[in-house]
Amino acid sequence: MKQYLPLKPKKWGFKIFVLADSGGLIHDFIPYTGPIQAVTKEGIPDLGASSNTVLHLAETIPSDRNHCLYFDNWFTAVPLETHLAERSIWCCGTVRPNRVPGLNFSSDTELKKKGRGTMEEWQSSGEGSQLTAVKWFDNKGVTLLSTFAGSQPIHTAKRYDRTVKKVVEIPQPNIVKLYNTNMGGVDLADCLLSLYRIPVRSKKYYHRLIFHMIDMAINEAWLLYRRDYETKRIPQEKRHPLLSFRMAVSESLIRTGKIVKRGRPSSNEKTADPPKKRRQQMSQVRPLMDVRLDKVGHFPEVKNPRLYVRVAQILGASNAMSTCA
């Protein structure tokens, strides 16, 4: 399972394919365990290893809801985008030149002579879907393929020009702006995971995967918590940052079910000092204030229903007397 990825900051590790939104919230993931097989569902074709990975993750995406899916050039292919367009899942991603045969884009040298911001666009329609391929030259050429976006409308991007030694504006196609805006969800999730990772050192591979999933679950909870306090407009001083949130979760788990003994110790315990004459009490540790005041599932436990009914009747009678008075 351990892979060598030369283009990653950490070369050796476990590969996990992730489906996340633009805010870093992970919706699905698949650990790499070997050759990637096709989806075992009727109507889904076998499109190769990279496209099959997207199809596995796209099983959790509902069809006919006009969701937009972004991926990089390792996944992008014409058959993949055509198949997802049939399910009304629209795609956009960078693409390698060998995966769009028949498109004769200008070389980077020719585009460089025309200046930064130069673009070329090709469109093709067939099989019920329209594909748009755009090549844009910034510092170097980049090609993108999409089923819902093109070069229009044209936006502007600020870049530093070394010849004039100042920041200039260059034209930027709409497909590039959409890709840059929505593509960083998986990178943001990796960034949050790397901030406060659980320190575990083990030679057993599943220990690392399990603790990675625990970190992932805590970060998911914090992202949902952040979304809720932004919706409810909670003041900034009452909000937990990620580190404080992790500490609160760990402290709540430590306190769960813990019982503290109070009073005189039992006769089996050997102590040097004589025991104090106090009645022994059993009390549970109070949970955190956030847990106590969340108004979720804190119902009284009724151990003697008859006594509870009797107390309720007495209280009801006393309230009636006070009303008459």
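Given the structure is predicted, the values throughout are model-derived calculations rather than measurements.
Note that NZ of K177 and OG1 of T156 are 8.0 Å apart. Values are rounded to the nearest 0.5 Å. The structure places CG of L224 at 5.5 Å from CG of L25, a figure rounded to the nearest 0.5 Å. Taking CG from L47 and CG from L80, the interatomic distance works out to 6.5 Å, rounded to the nearest 0.5 Å. The line from OG of S51 to NE2 of H83 is 10.0 Å long, rounded to the nearest 0.5 Å. Rounded to the nearest 0.5 Å, atoms CD1 (I26) and CE (M213) are 11.0 Å apart. In this structure, CG on N52 lies 11.0 Å from CG on L57, to the nearest 0.5 angstrom.
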Under the side-chain contact (heavy atoms from CB on, under 4.5 Å) criterion, do N66 and W90 qualify, and how do the steps go? CA-CA 7 Å; N66 293 326; W90 312 109; 3.0 Å; yes

Derivation of the side-chain contact (heavy atoms from CB on, under 4.5 Å) call for S106 and K112: CA-CA 10 Å; S106 302; K112 187 176 182 179; over 6 Å; no

List the steps and the verdict of side-chain contact (heavy atoms from CB on, under 4.5 Å) for D72 and Y179. CA-CA 10 Å; D72 59 19; Y179 182 83; 3.9 Å; yes

Steps toward side-chain contact (heavy atoms from CB on, under 4.5 Å) verdict (T94, V142): CA-CA 7 Å; T94 55; V142 57; 4.0 Å; yes

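You'll find the side chain of V134 stays beyond 4.5 Å of the side chain of T143, heavy atoms only. Taking the side chain as every heavy atom from C-beta outward, S124 and Q130 never approach each other to under 4.5 Å. Taking 4.5 Å as the limit, every side-chain heavy atom of V18 sits out of range of all side-chain heavy atoms of D190. By the 4.5 Å heavy-atom criterion applied to side chains, K11 and L5 are not counted as neighbours.
L178 and F148 make their closest contact through CD1-CE1, 4.0 Å (heavy atoms, listed as atom of the first residue, atom of the second, distance). Here the shortest heavy-atom pairing between S146 and C91 reads OG-O, 3.0 Å. Closest of all the heavy-atom pairs between D64 and S88 is OD1-OG, 3.3 Å. What you find for A133 and L103 is that their closest heavy atoms are CB-CD1, 3.7 Å. Scanning all heavy atoms of the two residues, the minimum distance from C92 to I175 falls at SG-CG1, 3.7 Å. Between P173 and M119, the shortest heavy-atom distance links the atoms CD-CE, 3.8 Å.
In the hydrophobic clustering of this structure, L144 groups with I170; members are Ile, Leu, Val, Met, Phe, Trp, Tyr whose side-chain heavy atoms approach within less than 4.5 Å, directly or through other members. With hydrophobic clusters built from ILVMFWY side chains whose heavy atoms lie under 4.5 angstrom apart, Y196 shares a cluster with I210. Under a hydrophobic clustering in which Ile, Leu, Val, Met, Phe, Trp and Tyr are joined whenever their side-chain heavy atoms come within less than 4.5 Å, directly or via other members, W136 and I154 fall into the same cluster. A single hydrophobic cluster is seen to contain both L84 and I44, as judged by linkage of ILVMFWY side chains at heavy-atom distances under 4.5 Å, directly or through other members. Under the 4.5 Å side-chain heavy-atom criterion for Ile, Leu, Val, Met, Phe, Trp and Tyr, I198 and M216 are members of distinct hydrophobic clusters.
Sparse packing is recorded around NZ of K232, with 12 or fewer heavy atoms of other residues, nucleotides or ligands lying under 6.0 Å away. With a 6.0 Å radius and a threshold of 12 heavy atoms from other residues, nucleotides or ligands, E237 has its CD atom above the threshold. The number of heavy-atom neighbours closer than 6.0 Å to NZ of K8, taken from other residues, nucleotides and ligands shown, is 12 or below.
With a 4.5 Å cut-off between side-chain heavy atoms of Ile, Leu, Val, Met, Phe, Trp and Tyr, the cluster of F137 takes in L111.
N73 places no side-chain N or O within donor-acceptor distance of the main-chain N or O of G93, the cut-off being under 3.5 Å. The closest donor-acceptor contact from the side chain of R159 to the backbone of V168 lies at 3.5 Å or more, if one exists at all. Side-chain N or O atoms of S244 include none that pairs as donor or acceptor with a backbone N or O of P241 at under 3.5 Å.
Side chain to side chain, S151 and E121 meet the donor-acceptor criterion of an N or O pair below 3.5 Å.
Listed by chain and number, the residues in a salt bridge (charged side-chain N to carboxylate O under 4.0 Å, His left out) with E251 are R255 (sequence neighbours excluded). When the salt bridge (charged side-chain N to carboxylate O under 4.0 Å, His left out) test is applied to E59, the partners found at least two apart in sequence or on another chain are K41. Applying the salt bridge (charged side-chain N to carboxylate O under 4.0 Å, His left out) criterion to D108, with sequence neighbours excluded, gives K135. In this structure, the side-chain contact (heavy atoms from CB on, under 4.5 Å) partners of R226, at least two apart in sequence or on a different chain, are W222, L223, Y229, E230. Among residues two or more places apart in sequence or in another chain, the salt bridge (charged side-chain N to carboxylate O under 4.0 Å, His left out) test is passed with R116 by D138. Annotation: side-chain contact (heavy atoms from CB on, under 4.5 Å) contacts of I218 (sequence neighbours excluded): I214, F245, R246. With sequence neighbours left out, V78 forms a side-chain contact (heavy atoms from CB on, under 4.5 Å) with T82, V100, L131, L145. Scanning for side-chain contact (heavy atoms from CB on, under 4.5 Å) contacts around K10 gives an empty result, with sequence neighbours left out.
Put simply, the residue from T147, V54, V95 that forms a side chain to side chain contact (heavy atoms under 4.5 Å, CB included) with E81 is T147.
Note on residues 55-75: no pairs pass ring pair (Phe, Tyr, Trp, His ring centres under 6.0 Å), not counting sequence neighbours. Applying the side chain to side chain donor-acceptor pair (under 3.5 Å) test to residues at least two apart or on different chains, the pairs with a partner in residues 204-214 are R197-H212, S202-H207. Among residues at least two apart or in separate chains, ring pair (Phe, Tyr, Trp, His ring centres under 6.0 Å) pairs with a member in residues 4-36 are Y4-W12.
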